[in-house]
Amino acid sequence: MATKVVDLRSDTVTKPSEAMRAAMAAADVDDDVLGADPTACRFEAEMARIMGKEAALFVPSGTMANLISVLAHCDARGSEVILGHDSHIHVYEHGGISTLGGVHPRTVPNNPDGTMDIDRIVAAIRSTDGALYYPTTRLICLENTHGNSGGKCLTVEYTDKVGEVAKAHGLKLHIDGARIFNASVALGVPVDRLVRAADSVSVCLSKGIGAPVGSVIVGSKAFIHKAKILRKTLGGGMRQVGVLCAAAEVGVRDTLGKLADDHRKAKVLADGLKKIKQFTVDLTSVETNMVFFDMADPRITPAKLCQALKQRSVLAMPTSPKSVRFVVHYQISDGDIQYTLKCIEEAVEEMLACDAKPEQLLS
């Protein structure tokens, strides 16, 4: 019998549940490019309701969701978007807003909690006096939760303040909400309230929700009309897409209620790592389902640790020359957490023992 793999590389690695597979097989479908797929229409309407927006659109990926959103808001040449220097849109989406949309990014430093200082956002807004020389600021982007900050949550108070800045300057606000439901659960704030200030939000369905494919964009009816045209332009229009929306429906129904338990398990994992002296972990940084930890012993590297864990059927990702990331999802059990900690202890002992052997040979 095959050994179970404990996959902590990301929450994107979940396999479709039996309920998802059954829903996909039974989905009532039609041509969604023609607006006729009943399952897609139903799911989009439900996501718009949950998020407190007028309309929603299913798209193949989170990268496309953010790209469409930026292009819909920045539909004039010479547009500029203000976003965090360590944001997913800026770092991990292949510069699509520039290469495909001609939109200029103006970065503001992300703080350790994922926020950008309000005064720095205001200072980054271009003055109309410089229109002859500068791009035109049209959009501000936030990310909640903030992945490169360890899954930190942006509070509703902070989001509202950024929304006020955007409104006061005639700008739009987009939230990359790939893990917005994790933020909602961790903060204890209903998701529609958390994103009320936003003109658009992208929501990943294949992360914490556990669906196999897709994201949704939510916003006004006029915004979604523009987004639908851009989706077609980018090759994201799909035909019988209800097959995918059916799985996402099950994820929203069955998995959202498990996010709090994912967060609890992440804290258990962080607590266990804290007890291993070769690592440093900031327990206060573990707000949702991500755990980042640093190597405190030069004899242990992220690459070596991840390789040793892989040999024990535990998968993880190095995030820097000194850091490793674990991401907990609903298919990780309490037993998996304890097994992972046991494997880490064994791997550390093994690496330290190997490092000591040359010294023993020389003595």
Side-chain angles (χ1 to χ4, degrees), residues 16-17 19-62 64-69 71-73 144 172-185 189-234 236-259:
S17 65
M20 287 181 186
R21 294 175 189 271
M24 293 170 77
D28 185 12
V29 298
D30 205 326
D31 191 327
D32 185 55
V33 174
L34 302 179
D37 190 296
T39 303
C41 290
R42 182 180 67 240
F43 177 65
E44 288 168 345
E46 177 63 6
M47 288 304 296
R49 184 195 67 79
I50 291 171
M51 301 299 294
K53 303 300 181 185
E54 290 181 352
L57 185 70
F58 182 91
V59 298
S61 71
M64 185 179 285
N66 286 328
L67 177 59
I68 287 172
S69 298
L71 298 191
H73 291 305
N144 198 9
K172 300 297 184 181
L173 173 61
H174 172 68
I175 295 177
D176 175 0
R179 296 182 175 92
I180 192 68
F181 285 105
N182 291 89
S184 172
V185 169
V189 177
V191 70
D192 60 330
R193 176 65 189 91
L194 191 55
V195 302
R196 185 180 295 170
D199 297 284
S200 62
V201 187
S202 61
V203 183
C204 188
L205 303 167
S206 60
K207 290 189 168 76
I209 292 173
V213 179
S215 287
V216 290
I217 312 165
V218 297
S220 68
K221 289 179 180 178
F223 170 81
I224 293 300
H225 175 73
K226 291 172 69 174
K228 192 168 187 178
I229 295 169
L230 285 163
R231 182 184 69 175
K232 181 65 174 173
T233 304
L234 296 170
M238 296 180 287
R239 302 298 178 176
Q240 286 71 39
V241 76
V243 171
L244 300 178
C245 291
E249 276 188 315
V250 173
V252 171
R253 183 193 72 201
D254 294 352
T255 313
L256 286 183
K258 301 175 182 178
L259 293 180

(message) Please list all pairs meeting salt bridge (charged side-chain N to carboxylate O under 4.0 Å, His left out) that have one or both residues in residues 174-183, counting only residues at least two apart or in different chains.
(response) D11-R179
(request) Ignoring hydrogens and angles, tell me if any N or O in the side chain of S184 forms a donor-acceptor pair with the backbone of I180 under 3.5 Å. (result) no
(message) Tell me every residue that passes ring-ring contact (aromatic ring centres under 6.0 Å, His included) with F181, counting only those two or more places apart in sequence or in another chain.
(response) none
(request) Evaluate the side-chain proximity of M47 to V252: yes if any heavy-atom separation is below 4.5 Å, no if none is. (result) yes
(message) If the condition is salt bridge (Lys or Arg N to Asp or Glu O under 4.0 Å), which residues does K172 pass it with, not counting sequence neighbours?
(response) none
(request) For P60 and V213, work out which heavy atoms get closest and say how close. (result) O-CG1, 3.7 Å
(message) Could you check whether any side-chain heavy atom of F58 comes within less than 4.5 Å of a side-chain heavy atom of D37, counting everything from C-beta outward?
(response) no
Indicate every side-chain donor-acceptor pair of residues 49-57 with a distance under 3.5 Å to a residue at least two apart or in another chain.
residue, atom, partner, partner atom, Å
R49, NE, E46, OE1, 3.1
R49, NH2, E46, OE2, 2.7
K53, NZ, V195, O, 3.0
K53, NZ, R196, O, 3.4
K53, NZ, A198, O, 2.6
E54, OE1, K221, N, 2.8

(message) Under the rule for side-chain contact (heavy atoms from CB on, under 4.5 Å), what residues qualify as partners of S61, not counting sequence neighbours?
(response) T63, M64
(request) Quick one: list whatever passes side-chain hydrogen bond (donor to acceptor under 3.5 Å, both in side chains) with T255, sequence neighbours left out. (result) none
(request) For V185, check side-chain contact (heavy atoms from CB on, under 4.5 Å) against everything at least two apart and list the hits. (result) L259, A260, H263
Using residues 236-248 as the side-chain source, report each donor-acceptor pair under 3.5 Å to any protein atom, sequence neighbours left out, with the distance given to one decimal.
residue, atom, partner, partner atom, Å
R239, NH1, D31, OD1, 3.3
R239, NH1, D31, OD2, 3.0

(message) So, using salt bridge (Lys or Arg N to Asp or Glu O under 4.0 Å) as the criterion, who are the partners of D30 when residues are at least two apart?
(response) none
(message) Once side-chain contact (heavy atoms from CB on, under 4.5 Å) is applied, do any residues pair with S206, and if so which ones, sequence neighbours excluded?
(response) C204
(request) Please identify each residue that fulfils salt bridge (Lys or Arg N to Asp or Glu O under 4.0 Å) with R193, with sequence neighbours left out. (result) D160
(message) A222: which residues meet the side-chain contact (heavy atoms from CB on, under 4.5 Å) condition with it, sequence neighbours left out?
(response) S220
